[in-house]
Protein chains: 2
Amino acid sequence: MTRGKTGKPYHHGELREALVAAGRKLLEEKGLRGFTLRECARRAEVSHAAPAHHFASIDDLLGEIAARGYHELTEAMMAEAKRVDGDAAARLVAQGVGYMAFAAANPVLFQLMFSREANRFETPVLHAAAKSAYHLHREAVEAVIPQASGEVKERMVDFAWAAVHGFITLVLEGQLGEKDSPRALKSRGLATLSAMVEAVVRAGGAPLAS
Amino acid sequence: MTRGKTGKPYHHGELREALVAAGRKLLEEKGLRGFTLRECARRAEVSHAAPAHHFASIDDLLGEIAARGYHELTEAMMAEAKRVDGDAAARLVAQGVGYMAFAAANPVLFQLMFSREANRFETPVLHAAAKSAYHLHREAVEAVIPQASGEVKERMVDFAWAAVHGFITLVLEGQLGEKDSPRALKSRGLATLSAMVEAVVRAGGAPLAS
DNA sequence: AAGAAGACTTGTCATCGTAAAGATTTAGGC
DNA sequence: GCCTAAATCTTTACGATGACAAGTCTTCTT
C-alpha cells in the first residue's frame, strides 16, 4: 500500500467495513431518515462515489447493516441464555432479556431490521440471518412445552415472540414507560416475560380455548 | 372563487386536506422512504412550494397524518368492541382485533405511527391522539381484572398491549406467516389474543410469580 | 373601495443518490 | 521484474428533493 503526498493511501483498504461501521453509528445518531450514503463516505474519509464499488445502492448498505444486526441479535440471545442453567422456561425468559437488551442498545438498528423498508433490500444473507434468530426462539419455546401438539407449539411461538417483540418495540417508541427509569422499565419487561412464559406453560399443558 | 383561463382556481381551497389525503396514499404506495413533499404537491395539483403554507416541513405533514392514524386506530378499536356484548374479556379481544385490522389495512401508516421517527414530530395533537388509544386499551384490560391490584393491572396493560402490538407488527414486516393466507393469519392472530386474555385473567386472580 | 392578510407560483440553493469517465493502485501471467 | 487487466477510488455531472425568498393573485376586513 503506497501513499500519496498527503500520506493518505489512495486505496482505503477496508472501505467496506468502514462504511458499515460508519453507517451503523450514523443510523443511531440521525435515525433512518437522517441516514445518507454521502455522510457515510465522509466519515470513512472517501469521496461520495466510493461506496458504489462496495454497495450497489443505499439500500444495499442498509441491508448489510440489518443483516449484521440479526447476527448480533442472535448472539445476544444466546449469550443471555448461557448465563442461566437448565430450566427451559428460564432459558426462554433469558433469551427474551437478550432480545430486549439488544433492541435497547441499538434502537434505530432494531427498528430498521423490523421495518417495512427492510423488505425492500431482502438479500439472501439478510433472510438467513433473520431465520437464525427465529429458529433460536422457536426452539426455546418448544423446549418449554415438549409434550404439546405441533399446532399449539406454533401458536405459542407466535405468542411468545409477539409479547417480547411488542413490549420492547413499544418502549423504544416511547409509548410505554416514557417517564420510567431504565431500572423500572427492565422490571416491567421482566413482568411481561413472566406472564408470557406462564401462559406458554399453561397452554402447553391444556389445549387453547377456541 | 374566481378562475383563471385554465379553469383551475388559483386557490385550491382545501389544500391542507388534499395534501393529507394524497400523502396518506403516497405513504402506502411508496413507503416512508419514498414519501416526498413534492409528490404530495403534484398529486394535489399545486406547485412544489404550496405545502409550506399549510405544513412547516415534511415532518409536520407526516405528524398530521400520524395523528389522524391514531384517531382512526381508536375508532377501529371502538367499532370492533361495539360488535360484541357484555363480557370484558371478549371486549378486550375485540379491541385487539380492531387494532390488528387497522394495522393490516394501513401497514405503512401504522409503522409510521409507531416508528422512532414519529418522536421527531411530536406535536400536542399527535400525543393526545396516541394517549386516547392507550386509554381505551387500558380500560379494557382493567375491566377484565377489576379486583386486581394497581400494580398487576399496570403490568397486564403492558403485557396485553405488547402481545397485540407485537403480533401484528411481526406480521406486517413479514416475519410471521410469510406464506400464510390472510385467513390463516387472522386465525393465528386470534390465537395470540386468546392466549393473551387467558394470561390476563389468570394474573388478575393470582399475583404474578416473580 | 382600499389596504392587509392569506394562498399560491416561480426561482434558487445546498444536498442527496446514482451514473459515467478518468486516475491510481493492486494483482496475476509470463 | 515487467506489463497488462482488474479493482479501487476520484471527479464530474444529472435529476430530484426540502427549504427559503420574492413575487403574483385572491379573499377578507373595514
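Proteins get letters first, then strands, A, B, ... in listed order; numbering begins at 1 in each.
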Review point. Atom CG of A:Leu37 and atom P of D:dT10: how far apart are they, to the nearest Å?
Key: 13 Å

**Study point:** Ring centroid separation B:Phe110 to B:His165 under 6.0 Å
**Key:** yes

Practice item. List the atom of B:Val200, the atom of B:Ala160, and the distance in Å for their closest heavy-atom pair. Key: CG2-CB, 4.3 Å

Check your understanding: Closest to the B:Ile58 side chain: C:dC16, D:dT8, D:dA19?
Key -> D:dA19

Point to revise | Short N-O contact, A:Glu28 and B:Arg116, less than 4.0 angstrom | key: no

Study note, to complete from the structure: Per nearest nucleotide of DNA chain C, the residue lying toward the 5' end, B:Leu15 or B:Arg33, is B:Leu15

Exercise for review: Would you mind classifying the nucleic acid contact of A:His48 as base, sugar-phosphate or nothing, using non-hydrogen atoms under 4.0 angstrom?
Suggested key: base

Practice item. Take the protein atom CZ of B:Phe55 and the nucleotide atom C1' of C:dA7, then report the distance between them rounded to whole Å. Key: 14 Å

Point to revise | Candidate nucleotides C:dG17, C:dC8, D:dT10, ranked by approach to the side chain of A:Ala50 - the nearest | key: D:dT10

Exercise for review: Check the distance between C:dT15's C1' and A:Lys30's NZ and give it to me in whole angstrom.
Suggested key: 13 Å

Practice item. Could you check how far CD of A:Glu45 sits from P of D:dT10, rounded to whole Å? Key: 11 Å

Point to revise | Side chain of B:Ser47 - closest among D:dT11, C:dA7, C:dT9 | key: C:dT9

Exercise for review: Can you tell me the distance, in whole Å, between the CZ atom of A:Arg42 and the P atom of D:dC9?
Suggested key: 18 Å

Practice item. Mind listing the closest non-hydrogen atom pair of B:Arg188 and B:Leu176 along with its distance? Key: NH2-CG, 4.0 Å

Point to revise | Value in whole Å for how far the P atom of C:dA7 lies from CD of B:Glu14 | key: 13 Å

Review point. Are any of B:His54's side-chain N or O atoms less than 4.0 Å away from OP1 or OP2 of C:dG6?
Key: no

Practice item. Assign A:Arg16 to base, sugar-phosphate, or nothing according to its heavy-atom contacts below 4.0 angstrom with the strands shown. Key: nothing

Revision key, fill the gap. Comparing B:Ser57 with B:His53, nearest DNA chain D nucleotide closer to 5' gives the residue B:Ser57

**Study point:** A:Glu29 with A:Arg43: basic N within carboxylate O range, under 4.0 Å
**Key:** yes

Review point. Would you say a side-chain N or O of A:Arg38 is under 4.0 Å from OP1 or OP2 of C:dA14?
Key: no

